[in-house]
There are 2 protein chains.
Amino acid sequence: MSTTTELTNWQSVHDEVLRRIHTREWKPGDQIPKEVELAEELGCARATVNRALRELAAEGFLDRRRKAGTRVATHPVRRARLDIPVIRLEIEGRGQKYTYGLLLSERRSPPPEICANLGVTSDSDMLHITSLHLADGKPYMFEERWVSVAATPEIVDADLSKISANEWLVLHAPYTKGDISFSAVLASENEAKILRTQKNEPLFLIERTTWEGEKGITSARLVFAPGYRMHTAL
Amino acid sequence: MSTTTELTNWQSVHDEVLRRIHTREWKPGDQIPKEVELAEELGCARATVNRALRELAAEGFLDRRRKAGTRVATHPVRRARLDIPVIRLEIEGRGQKYTYGLLLSERRSPPPEICANLGVTSDSDMLHITSLHLADGKPYMFEERWVSVAATPEIVDADLSKISANEWLVLHAPYTKGDISFSAVLASENEAKILRTQKNEPLFLIERTTWEGEKGITSARLVFAPGYRMHTAL
DNA sequence: CAGTGGTCTAGACCACCAG
DNA sequence: TGGTGGTCTAGACCACTGC
């Protein structure tokens with residue numbers, strides 16, 4: 001099957017290749033034509049084909065190796081792109097009103113599990129912050145966070161009742177490495193009270209830790225109100 | 001500050017720009033030099049700079065607009081890449097033994113909520129499948145799935161006791177659109193029994209629906225055993 | 001309208017790795 | 001060790017959009 005019209009931009013090449021995969025003209029495991037051949041067939045430069053195939057490989061549809069050529073992925077590892085915005089933007093993006101309350105801010109040494117997470121000593125100087133994020137006045141997410149004062153000294157001067165620690169850190173403490181995990185937990189008595197729900201409700205939990213180089217910056221535990229769903233397209 | 005050595009490949013340009021962002025030489029909101037200028041400063045072609053900046057924009061570190069130039073993102077939307085492999089590979093990848101049991105496979109018309117999800121009529125011909133995935137012999141995930149027979153007729157001939165519906169679909173039914181959501185639920189009595197746990201345990205739930213064009217293919221509900229954590233790097 | 005990023009091209013050399 | 005993808009270059013034109 002040859003194309004009658006020329007595909008001279010990488011997006012149309014991308015789409016055409018995807019079409020051939022979807023129609024099973026090229027099946028999982030099949031080797032597809034080399035870049036030079038495809039470029040010739042489609043009537044464009046090799047660089048254009050390269051761009052298209054590179055994107056498809058990044059999306060998980062193709063496996064590419066030098067010398068071995070390009071093959072249709074046998075197990076298309078689906079890559080869901082989770083956009084993780086600042087909470088405020090997540091809420092405002094849905095057209096709801098965002099409010100925020102600082103519940104606690106104290107300077108103290110961290111408990112053992114935080115030390116383990118961040119790789120800091122148990123006598124380090126840290127800020128312990130808990131806060132509640134609300135959407136249209138209703139509890140949305142309860143945040144408990146530890147911030148290393150050594151790593152980001154300026155945070156002790158920040159007015160965390162005006163701007164959430166989350167948001168302050170995004171603006172002032174870039175990180176080089178981060179880690180995030182998602183799970184389900186039962187609401188503790190305290191969490192239930194704060195989120196104005198009942199004990200033993202199933203809650204969605206996000207745990208996040210970030211480092212700058214080898215220095216642990218912050219570790220946060222985000223517990224969402226019942227009914228929360230994280231959602232994305234494939 | 002100028003570089004003494006020339007950065008002639010896009011990765012080093014990428015890293016250098018990222019360094020300037022991290023060191024706050026370029027702060028959130030700042031406009032950074034235009035491609036031509038950067039290319040000149042670093043001693044490489046504009047295409048190389050373009051490639052580096054394009055990747056950084058895709059990673060969420062930069063905002064780029066024609067005519068307006070390139071700025072450091074004020075709210076670096078963090079993009080976590082969730083790799084969603086076939087369950088079997090997820091388990092085997094951790095060095096555990098994967099087993100799989102087909103619990104039910106029946107051909108019948110779908111309940112209303114599935115119709116709504118997939119956009120099919122309530123009298124459509126569908127396959128209803130439930131199965132259990134185990135890691136090292138322990139229940140790992142309980143899967144309940146509806147598959148449109150109209151969209152993928154070949155599935156009725158597949159031996160779903162040997163290969164999971166999940167995996168069969170990946171190989172034989174490419175999709176063009178997909179949707180995935182994550183949440184926390186309480187174990188129902190049935191789910192608790194199957195996962196060999198207790199009622200009212202908090203469970204991690206993934207709901208996934210896929211389409212080919214406008215045709216709904218399959219809708220699945222994946223309930224994970226207690227303690228499951230989905231995990232990724234930022 | 002003019003400046004900036006977005007893309008294409010033709011050609012070249014390099015790096016990796018399967019045979 | 002040769003074939004394939006990975007990348008760089010210089011130059012060109014285009015598309016969007018702020019002024």
Side-chain angles (χ1 to χ4, degrees), chain A residues 3-18 20-21 26-74 76-77 79, chain B residues 3-18 20-21 26-74 76-77 79:
Chain A
T3 52
T4 54
T5 63
E6 305 223 318
L7 308 178
T8 61
N9 61 335
W10 74 267
Q11 298 219 21
S12 49
V13 174
H14 173 282
D15 292 349
E16 169 62 13
V17 172
L18 203 47
R20 294 189 188 182
I21 294 175
W26 293 339
K27 302 191 187 65
D30 283 4
Q31 180 161 8
I32 78 173
K34 352 183 187 291
E35 295 189 346
V36 200
E37 295 171 3
L38 261 182
E40 198 175 347
E41 183 203 337
L42 303 176
C44 64
R46 189 190 144 217
T48 308
V49 172
N50 180 280
R51 171 82 188 269
L53 298 187
R54 189 183 352 117
E55 304 268 344
L56 283 163
E59 292 164 37
F61 292 106
L62 296 177
D63 284 335
R64 320 193 72 198
R65 258 180 299 173
R66 283 159 159 147
K67 169 78 177 178
T70 300
R71 294 174 175 279
V72 179
T74 48
V77 173
R79 308 224 159 96
Chain B
T3 53
T4 54
T5 63
E6 305 223 317
L7 308 178
T8 62
N9 60 338
W10 73 266
Q11 299 218 20
S12 48
V13 174
H14 174 281
D15 292 349
E16 169 62 13
V17 171
L18 203 47
R20 294 189 188 181
I21 295 176
W26 292 339
K27 302 193 187 63
D30 282 3
Q31 179 160 8
I32 78 173
K34 355 185 186 286
E35 296 190 347
V36 200
E37 295 172 6
L38 261 182
E40 198 175 349
E41 183 204 337
L42 303 175
C44 63
R46 177 167 83 101
T48 308
V49 172
N50 180 279
R51 171 81 189 268
L53 298 188
R54 187 177 0 111
E55 303 269 343
L56 283 162
E59 293 163 38
F61 292 106
L62 296 176
D63 283 336
R64 320 193 70 199
R65 255 180 305 171
R66 284 159 157 142
K67 169 80 179 180
T70 300
R71 293 175 174 279
V72 180
T74 47
V77 173
R79 308 225 159 93

>> Could you go through A:Leu53 and A:Leu38, starting from their C-alpha distance and side-chain angles, then the distance that decides it, and tell me whether this counts as side chain to side chain contact (heavy atoms under 4.5 Å, CB included)?
In response: CA-CA 10 Å; A:Leu53 298 187; A:Leu38 261 182; 4.3 Å; yes
> How about A:Gln31: does its CD atom have over 12 heavy atoms from other parts shown lying under 6.0 Å from it?
Replying inline: yes
> Out of C:dG3, D:dC8, D:dG5, which nucleotide sits closest to the side chain of B:Arg66?
Replying inline: C:dG3
> Heavy atom of residues 51-64 of chain B under 4.0 Å from DNA chain D: which residues?
Replying inline: B:Arg51
> Looking at A:Thr48, does any N or O in its side chain come under 4.0 Å of the phosphate oxygens OP1/OP2 on C:dT7?
Replying inline: no
> Can you check the B:Lys67 NZ to C:dG3 C1' distance for me, whole Å?
Replying inline: 4 Å
>> Just so I know, are the side chains of B:Thr48 and B:Thr8 near enough to count as touching, which here means a heavy-atom distance under 4.5 Å?
In response: no
>> Can you measure B:Asn50 atom CG to C:dT4 atom C1' for me and round it to whole angstrom units?
In response: 11 Å
> What distance do B:Lys34 atom NZ and B:Glu37 atom CD have between them, rounded to the nearest 0.5 Å?
Replying inline: 4.5 Å
>> Does D:dT4 have its OP1 or OP2 closer than 4.0 Å to a side-chain nitrogen or oxygen of A:Thr70?
In response: no
> To the nearest Å, how far apart are A:Asn9 CG and D:dC13 P?
Replying inline: 18 Å
>> Under 4.0 Å, heavy atom to any atom of DNA chain D: which of residues 29-39 of chain B qualify?
In response: none
>> Within the 4.0 Å heavy-atom criterion, would you say B:Arg65 contacts the bases, only the backbone, or no part of the nucleic acid?
In response: sugar-phosphate
> Between D:dA15 atom P and A:Trp10 atom CH2, what is the distance in whole Å?
Replying inline: 16 Å
> In whole Å, what is the span from the CZ atom of B:Arg46 to the P atom of C:dG5?
Replying inline: 8 Å
> In terms of side-chain heavy atoms, does B:Ser12 have a donor or acceptor partner in B:Asp15 at a distance below 3.5 Å?
Replying inline: no
>> Is the shortest side-chain heavy-atom distance between B:Val17 and B:Leu56 below 4.5 Å?
In response: yes
> Is it true that A:Arg64 and A:Glu55 make a salt bridge, defined as a side-chain N closer than 4.0 Å to a carboxylate O?
Replying inline: no
>> Strictly below 4.0 Å, N to O, side chains only: are B:Glu41 and B:Arg46 in salt-bridge contact?
In response: no
> How long is the gap from CD1 on A:Ile21 to CG on A:Asp30, to the nearest 0.5 Å?
Replying inline: 10.0 Å
